[in-house]
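A short write-up of the structure that comes next.
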Amino acid sequence: MFKRILVVTLAIFMASPTIVKADEGMWLPMFIKRLNEVDMQAAGLQLTAEELYSINQSSLKDAIVVFGGFCTGEVISEEGLLLTNHHCAYNAIQSHSSVENDYLTDGFWAMNRSDELANPDLYVDFLIRMEDVSDRVLEEVSDDLSEAEREKAIQKAIKAIKEEVSKDNDYIVNIKSFYEGNEFYMFLYERFQDIRLVGAPPSSVGKYGGDTDNWMWPRHTGDFTLLRIYSAPDGTPASFAAENVPLTKELREKNDAFYHHLPVSLEGVSNEDFTMIWGYPGSTDRYLTSWGVRQLLDIKAPTIVDIRDLKLDIMNKHMDADPKVRIQYASKHARTANYWKYFIGQSKGLKRLGVYEKKQEIEKDFQVFANASKANQSKYGAALGLIEEAYGKTNETERGATFLAEVGIRGTDAVLFTYRAHRMMKKWMDTEDPESKSVALEELNSFAEAHFKNYNAALDQEQFAQLFTKYQAEVSPDQHPSFFAYVDKKFKGSFDKYAAKMYTKSYFTDEGRFYAFIASPNAKKLAKDLAYVASSSVLQSYFGLGSLNAEANEKLGKGNRLFIDGLRKMNPDKTFYPNANFSMRTTFGSVGDYVPADAVHYDCVTTLDGVMEKYVPGDHEFDLPQRMIDLHKAKDYGPYADENGDLIVNFIHNTDITGGNSGSPVINAKGHLVGTAFDGNWEAMSGDIAFEPELQRTISCDIRYVLFIIDKYAGATHLIEEMDLVY
Ligand code: ARG
């Protein structure tokens with residue numbers, strides 16, 4: 001309590017012009033000096049802005065990477081050791097697993113470098129620097145351009161900047177829109193593609209609590225995995241090769257790049273301690289309007305949940321029946337279940353916290369501002385009207401669009417595989433140059449191999465038949481993909497019959513038939529292939545969505561851009577942070593308990609005792625390996641216990657994160673690693689749309705639990721030795 005009072009007084013004395021809450025906000029690293037340094041130091045941080053983000057010397061940001069394009073990772077040793085979440089590396093762990101070598105169930109530990117496993121699909125990106133390019137991107141843009149003209153001018157400028165910047169280097173250049181098209185920032189990355197699996201706990205640790213505990217506190221999950229970044233022997237990025245070596249500081253510096261690895265702290269955290277998180281939050285919608293909230297609550301979220309209920313039932317049935325299918329579909333199942341539960345929680349939260357009404361209040365104030373002067377009127381007067389009209393229009397098609405995405409595109413494996421494989425086949429056949437031809441064939445083959453490895457025809461057929469039957473029954477016919485008419489005509493409207501034929505005859509639904517077909521492709525046969533018919537029709541509808549709603553989308557884009565611009569002008573003393581868009585951000589706050597419901601109080605840490613309390617032998621979510629039970633019984637926690645002799649497993653803090661931040665480092669006031677962030681909490685699932693300071697918590701895995709698992713559970717002490725352990 002004392003600390004909190006101190007923080008508030010300091011902030012007042014320093015008369016910081018930006019009165020922002022310490023907890024809410026995903027801040028851009030290049031602005032820390034200007035916007036956050038004072039607040040962060042007042043909250044306890046002992047480092048300077050320059051030590052956090054610098055383009056002139058090695059800084060903390062050099063330890064933070066994009067992991068695979070969907071998560072965050074951090075460097076934790078001098079030899080490229082990388083920490084992220086178990087659920088971020090889940091796909092990779094699955095890809096090395098089989099019924100005989102089930103690393104998902106049993107965990108995996110490379111006891112020396114040569115055992116570390118390559119993952120051709122994984123990469124990490126280091127951020128070299130970022131830059132505000134708004135002036136250049138918007139140079140040719142004026143208020144009297146139409147939305148289409150505006151977009152064209154923006155794309156032209158972006159293209160020119162990209163060409164200029166990438167002239168004499170191999171950096172990946174990314175220019176992103178911020179504040180709904182009001183500002184633009186450029187990001188330069190360096191990509192490393194040889195990322196090897198080093199250590200993963202068994203799922204009974206890494207995914208302990210499964211879907212029951214997902215998105216929930218109190219939590220007891222060891223959600224971490226270790227990997228290693230490899231480079232060519234000279235330290236430059238390279239795809240997998242036996243001669244590659246672990247990336248080191250020395251190699252990095254030889255290439256004029258910076259390297260930073262986070263020291264690993266044994267200190268732990270206490271209530272109200274300062275923490276910050278660095279990483280890549282994927283997407284938030286904090287400026288969503290009331291109309292957007294309504295559409296989400298009334299149409300999109302319930303439709304997704306309903307469709308996924310059915311999808312998950314079918315997956316569960318097949319996975320329970322066959323251990324091979326259980327491994328094949330582990331990652332797909334986790335992905336589907338994760339956002340199934342997310343949308344359930346989000347809707348509950350939005351309703352309970354009255355977010356729709358709160359948004360209406362904001363819009364009322366905005367309209368007063370928009371009417372306050374002639375100038376305001378002409379710039380902002382129409383903004384909300386545009387947004388309302390746009391949603392009025394898309395409300396009519398939202399249910400169909402959700403079915404199209406959830407059933408048509410993502411509902412089965414066959415549809416998307418057919419689309420992609422066909423595209424690759426065309427590329428291969430249309431190419432004349434023998435070398436490009438063999439590269440294209442190679443691509444097609446490895447794509448097909450990866451697909452069929454995790455494909456079960458019986459499961460996919462059942463999903464196809466049931467999901468499309470639902471689509472047919474619940475979406476108005478004018479929004480059906482065109483092949484529904486063909487199903488009516490030739491299959492008496494029965495998707496069961498269509499699926500039965502498609503999964504026994506199509507070239508795309510069976511590995512043997514597929515390879516036989518590409519050995520002698522035939523355009524006539526292809527045109528009659530039922531998977532091809534379904535897939536081209538679904539994709540055609542999908543790509544048609546944009547033009548169907550073009551007018552509404554333009555209105556929405558323009559309305560949102562003006563709305564946010566107006567909100568910022570309306571509150572000139574408030575610092576607005578941009579929505580998450582998978583660019584590097586930092587957020588800071590403190591460790592803290594919360595009150596989830598009347599008369600209920602949640603503590604801010606969980607312990608291994610709590611893991612044992614939840615233990616259900618043989619259960620697929622709450623089983624434990626015997627070794628964990630033994631270690632708990634012996635209280636053999638080594639240096640990883642806290643001052644009471646307990647082993648802390650997870651903790652919560654009020655930092656502001658979202659999906660994409662998974663795997664992010666939790667860093668203390670000294671810049672040391674104290675945990676890895678992996679989830680949000682149930683009572684604040686509406687957080688991506690409205691931050692709730694009293695309720696919203698990040699759930700992180702205590703780094704001492706990670707160390708305990710590596711050391712005491714797995715005996716992989718060589719990994720502990722390469723870290724810098726500090727107090
Ligand atoms: N909710 C977490 C996230 O979106 C994923 C946790 C994975 N665990 C699980 N039981 N599915 O980052």
Side-chain angles (χ1 to χ4, degrees), residues 26 66-74 83-94 104-105 200-225 277 279-284 301 304-305 308 311-312 315-316 319 326-327 329-346 348-349 580 582 585 587 606 611 614 616 619-624 649-650 652-653 655-666 675-689 696-701 705:
M26 301 173 176
V66 170
F67 180 79
F70 49 86
C71 275
T72 302
E74 55 272 9
L83 174 68
T84 188
N85 286 157
H86 183 259
H87 77 264
C88 294
Y90 200 60
N91 208 13
I93 303 166
Q94 181 200 319
L104 283 175
T105 303
S203 292
S204 53
V205 172
K207 205 187 174 201
Y208 190 65
D211 291 327
T212 302
D213 272 10
N214 191 17
W215 300 113
M216 300 274 205
W217 182 258
R219 191 66 159 275
H220 298 84
T221 310
D223 197 343
F224 80 93
T225 293
I277 284 182
Y280 284 87
S283 141
T284 53
I304 293 179
V305 171
R308 291 194 179 201
K311 246 188 220 176
L312 288 166
M315 273 196 227
N316 285 336
M319 289 169 80
R326 183 179 53 73
I327 292 173
Y329 280 75
S331 186
K332 289 174 197 167
H333 183 280
R335 218 178 314 133
T336 307
N338 191 31
Y339 273 80
W340 161 77
K341 195 166 175 184
Y342 170 92
F343 281 110
I344 295 173
Q346 187 192 53
K348 276 197 173 147
F582 211 68
R585 305 293 175 91
T587 162
T606 58
V611 174
K614 287 180 174 174
V616 181
D619 185 79
H620 76 287
E621 297 182 321
F622 293 97
D623 201 4
L624 283 171
V649 173
N650 294 157
I652 47 173
H653 41 145
T655 43
D656 187 1
I657 69 161
T658 189
N661 268 121
S662 283
S664 287
V666 184
T676 173
F678 70 94
D679 213 354
N681 61 329
W682 191 245
E683 296 78 13
M685 292 288 286
S686 47
D688 284 344
I689 291 167
Q696 192 151 332
R697 295 292 180 268
T698 294
I699 304 177
S700 295
C701 184
Y705 189 55

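Atoms within each ligand, like the ligands themselves, are counted from 1 in listed order.
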Give the atoms of ligand 1, by number and element, whose distance to some non-hydrogen atom of [X] is under 4.0 Å.
X: Phe678; value: 2 (C), 3 (C), 12 (O)
X: Gly210; value: 10 (N)
X: Lys207; value: 9 (C), 10 (N), 11 (N)

- Item | The one among Ile657, Asn338, Ile699 that brings a heavy atom closest to atom 5 (C) of ligand 1 |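 Result: the heavy atom closest to atom 5 (C) of ligand 1 is in Asn338.
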
- If you have a sec, work out which protein heavy atom is nearest atom 6 (C) of ligand 1 and how many Å separate them, to one decimal?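 Checked against all protein heavy atoms, atom 6 (C) of ligand 1 sits closest to Asn214 OD1, 3.2 Å.
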
Parallel, tilted or perpendicular, judged at 30° and 60°: which one describes the rings of [X] and [Y]?
X: Phe582; Y: Tyr280; answer: tilted
X: Phe70; Y: Phe67; answer: perpendicular
X: Tyr342; Y: Trp215; answer: tilted

- Measure the OH-NE2 distance between Tyr208 and His86 for me, rounded to the nearest 0.5 Å. 15.0 Å

- Message: Can you tell me how far apart CD1 (Ile277) and NE2 (His653) are? Round to the nearest 0.5 Å.
- Response: 4.0 Å

- Task: Let me know which of Thr676, Thr606, Thr221, Val649 forms a side chain to side chain contact (heavy atoms under 4.5 Å, CB included) with Tyr705.
- Result: Val649

- Short N or O distance, Arg219 and ligand 1, threshold 3.5 Å exclusive: no

- Message: For ligand 1, which is the ligand I care about here, please tell me if Asp679 has any N or O atom under 3.5 Å from one of the ligand's N or O atoms.
- Response: yes

- Message: Any heavy atom of Ser662 closer to ligand 1 than 4.0 angstrom?
- Response: yes

- Query: Which bit of Ala334 gets closer than 4.0 Å to ligand 1, counting heavy atoms only: side chain, backbone, both or neither?
  - Reply: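 It is neither; nothing of Ala334 touches ligand 1.
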
- Message: Do Cys701 and Arg219 have side chains that approach each other closer than 4.5 Å (heavy atoms only, starting at C-beta)?
- Response: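 No. Closest side-chain heavy atoms not under 4.5 Å.
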
